[in-house]
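Here is how names work: the chains are called A, B, and so on, in the same order as the sequence lines, proteins then strands, and each is numbered from 1.
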4 protein chains.
Amino acid sequence: MDTERVERQARRHRTPGSPTPPAGSETPARGRPRSEAVEQAIVEGVVELLEKGVPLTELSIERIARTAGVGKATIYRRWSGKEELFVEVLRSMEAPDPELPGTSMRDDLVCLLEHLRRRGLSMRRSVLLHNVFAQMKTLPRLWDAYHEIVIDPRRRVMHEVLRRGVADGELPAGTDIELASDLVTGPMLLRSIMRDDQPLAEDLAAQIVDLALAGLRTGPDSRM
Amino acid sequence: MDTERVERQARRHRTPGSPTPPAGSETPARGRPRSEAVEQAIVEGVVELLEKGVPLTELSIERIARTAGVGKATIYRRWSGKEELFVEVLRSMEAPDPELPGTSMRDDLVCLLEHLRRRGLSMRRSVLLHNVFAQMKTLPRLWDAYHEIVIDPRRRVMHEVLRRGVADGELPAGTDIELASDLVTGPMLLRSIMRDDQPLAEDLAAQIVDLALAGLRTGPDSRM
Amino acid sequence: MDTERVERQARRHRTPGSPTPPAGSETPARGRPRSEAVEQAIVEGVVELLEKGVPLTELSIERIARTAGVGKATIYRRWSGKEELFVEVLRSMEAPDPELPGTSMRDDLVCLLEHLRRRGLSMRRSVLLHNVFAQMKTLPRLWDAYHEIVIDPRRRVMHEVLRRGVADGELPAGTDIELASDLVTGPMLLRSIMRDDQPLAEDLAAQIVDLALAGLRTGPDSRM
Amino acid sequence: MDTERVERQARRHRTPGSPTPPAGSETPARGRPRSEAVEQAIVEGVVELLEKGVPLTELSIERIARTAGVGKATIYRRWSGKEELFVEVLRSMEAPDPELPGTSMRDDLVCLLEHLRRRGLSMRRSVLLHNVFAQMKTLPRLWDAYHEIVIDPRRRVMHEVLRRGVADGELPAGTDIELASDLVTGPMLLRSIMRDDQPLAEDLAAQIVDLALAGLRTGPDSRM
DNA sequence: TAATAATCGAGACGGTACGTCGCGTCTTCTG
DNA sequence: CAGAAGACGCGACGTACCGTCTCGATTATTA
């Protein structure tokens, strides 16, 4: 009866994209299942702290655990560290996908940029994502996850809109979709990230789109 | 156990921009003067570590001191913490101002953007500023200093170029200089920061400038 | 998050001396009965670990459970903690009572002391009781149980032997039985516990008994 | 200036027997010296806790640090763990060497045993050494140190006394000094350790010595 | 030529957080 | 019900840095 398990079976953290296993029950699920409520308490605790203005540097795992009334191990059981936890937090805060008006490519682009502007605004208001975003490049896994979950889907939508623009004749054939996408997205990003002392004007999205469509040489007044 | 802490006078750190006191000797300067060599050793030590690929998170003051063969107090005597030290490092690494060709506004813009592209490239190559930039928003003083020293001067130059473009008739009168500036800068920033998996094409600066000048509706082929 | 802890009825553990309820079934005994095999597996697992040289400090309940391939709760269902479990282990390892030759008080004493010597030897050989004994005083219930089960019975036997010695004229009337008992037992104990670097000579029991009987002033040579 | 020390120089803890280096200054003593006061505060804190009746199991390093108002690292800087710290505590509590009357071997033996009896008493009174001693065998370094510092010196004194007894004719020539020593020491040890429910009689030392000298067959009344 | 004073490397100091482990209790599913 | 499995709140482990504080030794200026 010498069963002493040596390899404690590598800890399995939740896969970023799938909170609950889809359908085919992979393992029979032995032992007491992890509490959903605890999961929520932790993530919500982090959000509360961030909204209270606590700087990200002071967001120790120990403090998070204390706030949520939870043992440290319970956090480490789910996420391998701050990074992975923040991915969860980020996901839980992301606004739902914008619904495109579909009236014209131009209007769709304005809508997408407006969504970006709103995210920029909320980053400043709540102090929240401001810092999470700021640190993201230091936390490579978080960066990757954010790309996968947030950035890439939006980008794909914008590419689709632009491709439709080419098909509808709103853009010339042979347009570099990637570059076009970055031409309209870049300025909004710059305003959000680098100019955090200035407000983001209400009609900024429209301004950028119209200027990008018409070109500097012509100016936005040439729009139909 | 010697509990009575005497409140010492606040330590005075060097002002960021002036390594040596200007001229009028404020204090008679008694005692052993600070060693220039030590100053250099610390900053160079940080640069070496960053170039060796050490993540910024592992750049503890203790490790920096060890690397430079220097006491911790010697660092704190000069800078109040990591933030202020990094400002110094940042300044010591910035490439010299680009010299504008002056042949046309378009060429000047391309030149400025090319400078930005090169910075983006070096951030990736050396792993260096990559992380420093990434963390910068978490370190507000570093962020401010970087703005003051690096971003703002470049921005002022670009604004000047654009204003000259309006004066020369290359741009329509009434052009929003700020917005125009961001329209060309934004895309390059986006490529540098958000697309760190893709290369920055040799002629990217020209591509962006030409597309921004002509506008999406027209496409870059309309250039002279 | 389910904070209201309900005060459950105190768990009832088995009485140390009676592994199975005597006869009159106190409770109707509903549900699945406790497995004897499990009981054995746990105790044997502990013994194995101890004999493998695992220090008592590293004998966590968690590890014991792992070794025996048993859930932690299953252990706590039987014993209230390490202490009570160790009593069980101790009992399962004690050598059977020595049989006295009865030829003389002196020979009986030697026999009893030889038993003690053997226990001392086995403590060293198997690394086993060595540590259990060592920690016993920290675990008061274990200490008490050990007294009750092991020490006291032996002591009573020795007292009996000595009393017979007085009756038979081998010892003077008015001999302090307690003190006499300790005079012969003490040295062997000391050698076993305090001199674990030295061997326990084959004839040590005889040496001690003879010296104690004759007295230091006379020396053991005076024996018949 | 690539000095980065890799091997942090193995931590040196104090040698058990020599609190301060004898004379020849081995190393020039660089950096801030360790505070004597802190050392004292820690050891005294442990003693206080033990005397307050805190069980040894609850004597975590963390609690000791808290009690002494000291950082954990400060403790680990001096001792490698609980074991070595307890050696210090033990030494700080040991009564000074007994002064032998020298009137006779018998009186010297009584004096030595009386010293042992007093230690036994203090172990019970203060709850102190009781547990420390109990755990000692689990903590091998502590056990070794206790031997070296406390047991062995006393034993050597007793052996000396006995040898003098042989020389003076109080004991027969050819007496086994080791065995004789254990014959008188053993019973006192047994009473101290194994019979912690009974008091240690005032004249127990004399009783044991006299009985051991005269022998059980004769009884203590035969003494001069 | 001293006396004075700030600097230097080194490292002790009280803290806080790290990520792990064991405690004893609980909650799930399977026999 | 018992049993294996493992989640749970808790608290200690030993380590790493934080920013401050002594140390002895060094290096200028001032008297």
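Side chain of A:Arg30, nearest nucleotide from F:dG3, F:dA5, F:dC17: F:dA5. You'll find that the side chain of D:Val70 is closest to E:dG14, out of E:dC21, E:dT25, E:dG14. Of all nucleotides listed (F:dC18, F:dA2, E:dC26), E:dC26 comes nearest to the side chain of C:Ala73. Here F:dT20 is the nucleotide among F:dT20, F:dG3, F:dC13 with the atom lying nearest to any side-chain atom of B:Tyr76.
Closest of all the heavy-atom pairs between B:Trp79 and B:Glu88 is NE1-OE1, 3.3 Å. Nearest approach of C:Ala68 to C:Ala41, heavy atoms of both residues: CB-O, 3.9 Å. For the residue pair C:Val38 and C:Val70, the shortest heavy atom distance occurs at CG1-CG2, 4.0 Å. Of all heavy-atom pairs spanning C:Gly71 and C:Ala65, the tightest one is C-CB, 4.3 Å.
Toward the 5' end of DNA chain F, the nearer of the two residues B:Leu59 and D:Gly31, judged by each one's closest nucleotide, is B:Leu59. If B:Ser60 and C:Val38 are placed on DNA chain F by their nearest nucleotide, the residue sitting closer to the 5' end is C:Val38. Toward the 5′ end of DNA chain E lies the nearest nucleotide of A:Glu58, the other residue of the pair C:Ile61 and A:Glu58 mapping further downstream. Of the residues near DNA chain E, D:Gly71 and D:Glu62, the one whose nearest nucleotide (by heavy atom distance) lies more toward the 5' end is D:Gly71.
Judged by distance alone with a 3.5 Å cut-off, no donor-acceptor contact links the side chain of C:Lys72 to the base of F:dG6. Checked by distance alone, D:Arg32 brings a side-chain donor or acceptor within 3.5 Å of a matching partner on the base of E:dA12.
The side chain of C:Arg77 places an N or O atom within less than 4.0 Å of a non-bridging phosphate oxygen (OP1 or OP2) of F:dG3. Residue B:Thr74 places at least one side-chain N or O under 4.0 Å from the OP1 or OP2 atom of E:dG9. At the phosphate of F:dC17, neither OP1 nor OP2 sits under 4.0 Å from any side-chain N or O atom of B:Lys82. Distances shorter than 4.0 Å separate some side-chain N or O of A:Arg78 from OP1 or OP2 on F:dC8.
For the pair A:Ile75 CD1 and F:dA7 P, the computed distance is 15 Å after rounding to whole Å. Spacing between atom CZ of A:Arg34 and atom C1' of F:dG9 amounts to 16 Å, rounded to whole angstrom units. To the nearest angstrom, P of F:dA7 lies 12 Å from CD of A:Glu39. Atom-to-atom, CD of A:Glu36 to P of E:dT27 comes out at 17 Å; the value is rounded to the nearest Å. The CD-P distance, from B:Glu84 to F:dG19, rounds to 12 Å in whole Å. When the P atom of E:dC23 is taken as reference, atom CH2 of C:Trp79 falls 15 Å away, rounded to whole Å. Atom CZ in D:Arg66 sits about 14 Å away from atom C1' in E:dT16, given to the nearest Å.
Using a 4.0 Å cut-off between charged nitrogen and carboxylate oxygen, D:Arg78 and D:Glu39 count as a salt-bridge pair. Taking 4.0 Å as the cut-off between side-chain N and carboxylate O, B:Arg63 and B:Glu58 count as a salt-bridged pair.
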